[in-house]
Number of protein chains: 2
Amino acid sequence: MTDRHYGVHGEFRDLLCSKNIKPSYQRLLILEYIMKNKNHPSAEIIFKNISRSVPTLSRTTVYNNLNIFVRKGILSSIKTNKSETRYDIIEIPHAHFYCLQCKRIIDVDLKIPLYRKNSIQGHKIEEVQVQFRGTCRNCFNKKEKKTKNVL
Amino acid sequence: MTDRHYGVHGEFRDLLCSKNIKPSYQRLLILEYIMKNKNHPSAEIIFKNISRSVPTLSRTTVYNNLNIFVRKGILSSIKTNKSETRYDIIEIPHAHFYCLQCKRIIDVDLKIPLYRKNSIQGHKIEEVQVQFRGTCRNCFNKKEKKTKNVL
DNA sequence: GTTTAGATTGTACTTATTACAATATTGTAG
DNA sequence: CTACAATATTGTAATAAGTACAATCTAAAC
């Protein structure tokens, strides 16, 4: 079970080891899923998709490991409207745009010095989250088109 | 029941009317609670505190009206770590600092032009949320003191 | 090969929130 | 004032996301 995945998962394996997390089969799968489908999935989505090919996977394992990844700084967690948590890889700091129509989360760049601060008004910053909410370009264009057709 | 509260709740009453929300007794109580205890309470906290003096109040009423207030732009909702939602009055745009130790939410000012944008990379912005997480000044000082005593 | 620490699994539980139907209140037209 | 419609509130039941925990499994260390 293990060595079959040395090749494919090599980089994820290294990433986990560098953070002192044992690179178990399940952890590699979870990490791989998030890295390859860069669509900010929820725990449930990750669970459903991986358990298609690995039916023995437990929901708890997914939750446990997502929490570990967040604590160790591999992933960041994003809270949407609907009391659900979504996950994203931590790369260059960036902001998120949450579309209220299609529920997609879109990465956006912010060239502001916000991320360089390590304290604000005396409070020690460990994490910064910037989230925009509204209507994404796609949904906005769809609406526009619909309006035009009516006229 | 109604006119007893004309005096005290006058400004909240006006605020609700200006947003086309009927200023019911319960709504005034909820709004008053949030405005007077500026500590970003959760629905549960609001419910518990108001229902001490108004035992007939329903949890559902609190949730319903908080949602209405958010939709109408009177309140903003803040998602914390623990899948709970907290509420804050919308005044001058500001950011929030969530202390991972004491769980307080502290208002912080940001003098950045972030709030002036109404679109980013083509996506229409309706709302911006900036949230810092870390250790607040208070908790940080406590930790410092403890460390000093040990030495 | 045995031991031990850590990981995974599955079930039961908690917590925040919503759905919904019944009841109550308010505003309005006759 | 009374009747009616519209809206608000209430309480219960349901849902959904996440956690606690005990049992089982795995893998590395001796």
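Just the heavy atoms: all of them, side chains too, but no hydrogens, waters or symmetry mates, feed the values below. A note on names: the letters A, B, ... follow the listed sequences, proteins ahead of strands, and every chain is numbered from 1.
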Determine: side-chain N/O of [X] to OP1/OP2 of [N], distance under 4.0 Å, yes or no.
X	N	result
A:Q26	C:dT9	yes
A:T85	D:dG18	yes
B:S24	C:dT26	no

Checking A:Y33 now: which residues fulfil side chain to side chain donor-acceptor pair (under 3.5 Å) with it, not counting sequence neighbours? A:N49
Take atom [atom1] of [X] and atom [atom2] of [N], then tell me their distance rounded to the nearest Å.
X	N	atom1	atom2	answer
A:K79	C:dT17	NZ	P	12 Å
A:I30	C:dT8	CD1	C1'	10 Å
A:N20	C:dA7	CG	C1'	16 Å
A:Y25	C:dA7	OH	P	18 Å
A:R27	C:dT9	CZ	P	11 Å
A:E84	D:dA16	CD	P	12 Å
B:L31	D:dA8	CG	P	15 Å
A:E44	D:dT19	CD	P	13 Å

Would you indicate whether the side-chain heavy atoms of [Y] and [X] approach each other to under 4.5 Å?
X	Y	result
B:K19	B:F69	no
B:K79	A:Q129	no
B:I105	B:T80	yes

Single hit among B:Y98, B:F140, B:F97 for ring-ring contact (aromatic ring centres under 6.0 Å, His included) with A:H123: B:F97
Return the residues of residues 54-61 of chain A meeting this criterion: a heavy atom under 4.0 Å from some atom of DNA chain C. Order them by number, or give none.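 Of all residues in residues 54-61 of chain A, the ones placing a heavy atom under 4.0 Å from DNA chain C are A:T56, A:L57, A:S58, A:T60, A:T61.
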Of B:K22 and B:R86, whose nearest nucleotide on DNA chain C comes first from the 5' end? B:R86
Would you say A:K48 has more than 12 foreign heavy atoms packed within less than 6.0 Å of its NZ?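 No, because the 6.0 Å sphere around NZ of A:K48 holds 12 heavy atoms or fewer from other groups.
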Between A:K103 and A:L100 (side chain of the first, backbone of the second, donor and acceptor by atom type, cut-off under 3.5 Å), is there such a pair?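 Yes, A:K103 side chain to A:L100 backbone: donor-acceptor pair under 3.5 Å.
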Path from A:I125 to B:V108 over hydrophobic side-chain contacts below 4.5 Å: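 In one cluster: yes.
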Between residues 62-71 of chain B and DNA chain D, which residues have a heavy-atom gap below 4.0 Å?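 Here the set is B:N64, B:N65.
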Do B:H94 and B:D107 have side-chain atoms, one donor and one acceptor, less than 3.5 Å apart? yes
